[in-house]
Amino acid sequence: MSLIEIRKITKTFGGLVALKDIDMTVEAGEIHGLIGPNGAGKTTLFNVLSGNYKASSGSFVFDGQEVIHLRNDERVGLGIVRTFQNIRLFTSMTVLDNVKLGFHRRTSANWLTSILNTEKVRREERFVEEQSLDLLCKLGLQAVAQEEAKNLSYGDQRRLEIARALAMKPRLLLLDEPAAGLNESEVKTLMERIQAIRTMGITVILVEHDMSLLMSVSDQITVLAHGQKIAEGTPQEVQVNPRVIAEYLGKGA
Ligand SMILES: Nc1ncnc2c1ncn2[C@@H]1O[C@H](COP(=O)(O)OP(=O)(O)OP(=O)(O)O)[C@@H](O)[C@H]1O
């Protein structure tokens, strides 16, 4: 059985059909690209997979378990984590604290034990701090750990968003346009980081307008247009698919 089996996902907004009968299968350890012209339904599919939107119908089986009826936080608990197209950081908090917040979902300390400041809480705090610093090192952000997030460059803020998502211990990471606004050298580093994320055993679904990035990191690609799946396959297959060329690539997107 595949890690992710999406069947007949439909999402409507009033009379507008944003997604119609989407099927998608993603294997464990895969980097799966999701492309399509503006308004194709990519972000809507991410919102449905993360539980930010409720699907109108369809099924999402994650590691053998139907999760389509679960709330966003319940899915995070299972390891389904996303980043957003528009960065959502706590900008007045330090870089380190932003990452610690990601870990917070995994620690067992509740508010009572936190107030009591028990040895267990202190141990967990130390663990979270070490792990957070380790993640910041992996993403090349250790030098700015004590900076307020708002003082970071745009590229570093995007990296911090990924660090925070990794702190939530994802098994499936949904990356929504991680290259948006990055310069050429930042995109190259991002490409290496996405590959490194896979080596951590994390499966990635990637929405990205930067075609060269997407084509070079993806194992498989699903193409949406007007809320429907119009093609799927390897980057090589998708690039020569006549329907994809007509609907999307041919328009210089
Ligand atoms: N919350 C919403 N309410 C109403 N319509 C919505 C909502 N979210 C998305 N839509 C509509 O659903 C369709 C798909 O939009 P979506 O944002 O998923 O496309 P996309 O492929 O991510 O586009 P882009 O590349 O521009 O981000 C569009 O027609 C959009 O207007």
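Just so it is clear, the values below take in all heavy atoms, side chains as well, and ignore hydrogens, waters and symmetry mates. Owing to the predicted nature of the structure, the values given are computational and were not obtained by experimental measurement.
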Under 4.5 Å between any side-chain heavy atoms of L166 and L173, yes or no? yes
Indicate if V67 and V26 have the same hydrophobic cluster label, given that clusters are the connected sets of ILVMFWY residues with side-chain heavy-atom separations under 4.5 angstrom. yes
What pair of heavy atoms forms the shortest contact from P178 to I194, and how long is it? CG-CD1, 4.5 Å
Residues E192, K188: salt bridge by 4.0 Å N-O rule: yes
Can you tell me if R198 uses its side chain to pair, donor with acceptor, with the backbone of G29 under 3.5 Å? yes
Kindly say whether A179 contributes a backbone atom to a donor-acceptor pair with the side chain of E208 at under 3.5 angstrom? yes
Compare every heavy atom of F46 with every heavy atom of I205, then report the nearest pair and how far apart it is. O-CZ, 3.4 Å
Looking at side-chain heavy atoms only, is the closest gap between L224 and I230 below 4.5 Å? no
May I ask you to decide if D156's main-chain N or O and S153's side chain share a donor-acceptor pair within less than 3.5 Å? yes
Are side-chain heavy atoms of L182 and L190 found at a separation under 4.5 Å? yes
Is any side-chain N of the basic residue among E125 and K100 closer than 4.0 Å to the acidic one's carboxylate O? yes
Could you grab the distance from atom CZ of R159 to atom CD1 of I162, nearest 0.5 Å is fine? 9.5 Å
Checking the side chain of R75 only, and the main-chain atoms of L70 only, is there a donor and an acceptor separated by less than 3.5 Å? yes
Exercise: identify the closest heavy-atom pair between S132 and F103: OG-CD1, 3.3 Å
Flag side-chain contact, heavy atom, 4.5 Å: R193 against L139: yes
Under a 4.5 Å cut-off applied to non-hydrogen side-chain atoms, are Q220 and E30 in contact? yes
Consider only side-chain heavy atoms of I, L, V, M, F, W and Y, link residues closer than 4.5 Å, and tell whether I80 and I197 are in one cluster. no
Do L213 and L174 sit in the same hydrophobic cluster, where Ile, Leu, Val, Met, Phe, Trp and Tyr count as joined when their side-chain heavy atoms come under 4.5 Å apart? no
Salt-bridge present (E129, R126; N to O < 4.0 Å): no
Should M191 and L214 be counted in the same cluster of Ile, Leu, Val, Met, Phe, Trp and Tyr side chains packed under 4.5 Å apart? yes
Would you say that V217 contacts L206 through its side chain, given a criterion of any heavy-atom pair below 4.5 Å between the two side chains? yes
Within the distance-only criterion (no hydrogens, no angle test), does the side chain of T12 pair as donor or acceptor with the backbone N or O of G15 below 3.5 angstrom? no
Do you know which of V128, L136, L101, L160 makes side-chain contact (heavy atoms from CB on, under 4.5 Å) with L96? L136
Trace of the side-chain contact (heavy atoms from CB on, under 4.5 Å) decision for E148 with M93: CA-CA 5 Å; E148 283 183 18; M93 287 170 58; over 6 Å; no
With a 3.5 Å distance limit and no angle check, can you tell me whether K11 reaches the backbone of K54 through a side-chain donor-acceptor pair? yes
pair L49-F62: side-chain heavy atoms closer than 4.5 Å: no
If you look only at distance, which donor and acceptor atoms sit under 3.5 Å apart when one is on a side chain in residues 35-45 and the other is two or more places apart or in another chain?
{"unit_1": "K42", "atom_1": "NZ", "unit_2": "G36", "atom_2": "O", "d": "2.8"}
{"unit_1": "K42", "atom_1": "NZ", "unit_2": "P37", "atom_2": "O", "d": "3.2"}
{"unit_1": "T43", "atom_1": "OG1", "unit_2": "Q85", "atom_2": "OE1", "d": "3.2"}

Strictly by ring pair (Phe, Tyr, Trp, His ring centres under 6.0 Å), give each pair with a member in residues 167-201 just once, sequence neighbours left out. none
Donor-acceptor pair, K229 side chain versus M24 backbone, under 3.5 Å? no
Show your reasoning for whether side-chain contact (heavy atoms from CB on, under 4.5 Å) applies to L78 and L172. CA-CA 9 Å; L78 291 175; L172 167 63; over 6 Å; no
Validation: residues 1-8 side-chain donor-acceptor distances under 3.5 Å, sequence neighbours left out:
{"unit_1": "S2", "atom_1": "OG", "unit_2": "E27", "atom_2": "OE1", "d": "3.3"}
{"unit_1": "S2", "atom_1": "OG", "unit_2": "E27", "atom_2": "OE2", "d": "2.9"}
{"unit_1": "E5", "atom_1": "OE2", "unit_2": "S2", "atom_2": "N", "d": "3.3"}
{"unit_1": "R7", "atom_1": "NH1", "unit_2": "T25", "atom_2": "OG1", "d": "3.4"}
{"unit_1": "R7", "atom_1": "NH2", "unit_2": "T25", "atom_2": "OG1", "d": "3.1"}

When you measure from the side chain of T83 to the backbone of E161, do you find a donor-acceptor pair of N or O atoms at a distance under 3.5 Å? no
Given 3.5 Å as the limit, does a donor-acceptor pair link the side chain of N98 with the main chain of T94, or not? yes
For I202 and R171: C-alpha separation, side-chain torsions, deciding distance, then whether side-chain contact (heavy atoms from CB on, under 4.5 Å) applies. CA-CA 5 Å; I202 299 167; R171 295 179 64 205; over 6 Å; no
For A145 versus L133, what's the shortest heavy-atom pair and its separation? CB-CD2, 4.2 Å
Non-hydrogen atoms of V238 and V244 that approach each other most closely: O-CB, 3.7 Å
Tell me, do K138 and M200 make a side-chain contact under 4.5 Å, heavy atoms counted? yes
Could you walk me through whether T222 and H32 pass the side-chain hydrogen bond (donor to acceptor under 3.5 Å, both in side chains) test, one step at a time? CA-CA 8 Å; T222 294; H32 194 106; 2.7 Å; yes
Any side-chain donor paired with an acceptor under 3.5 Å for N72 and R82? no
If you group Ile, Leu, Val, Met, Phe, Trp and Tyr by side-chain heavy-atom gaps below 4.5 Å, do L135 and V81 land in one group? yes
Taking every heavy atom of I221 against every heavy atom of S218, the minimum-distance pair comes out as CG1-CB, 3.8 Å
Would you say Q228's side chain and A225's backbone share a donor-acceptor pair under 3.5 angstrom? no
Once rounded to the nearest 0.5 Å, what's the spacing between atom CD1 of I9 and atom OG of S57? 7.5 Å
Side chains of S59 and E66: donor-acceptor distance under 3.5 Å anywhere? yes
If you round to the nearest 0.5 Å, how far is CG of N151 from CD of Q146? 12.5 Å
May I have the step-by-step check of side-chain contact (heavy atoms from CB on, under 4.5 Å) for L19 and T10, ending in yes or no? CA-CA 5 Å; L19 294 172; T10 294; 5.7 Å; no
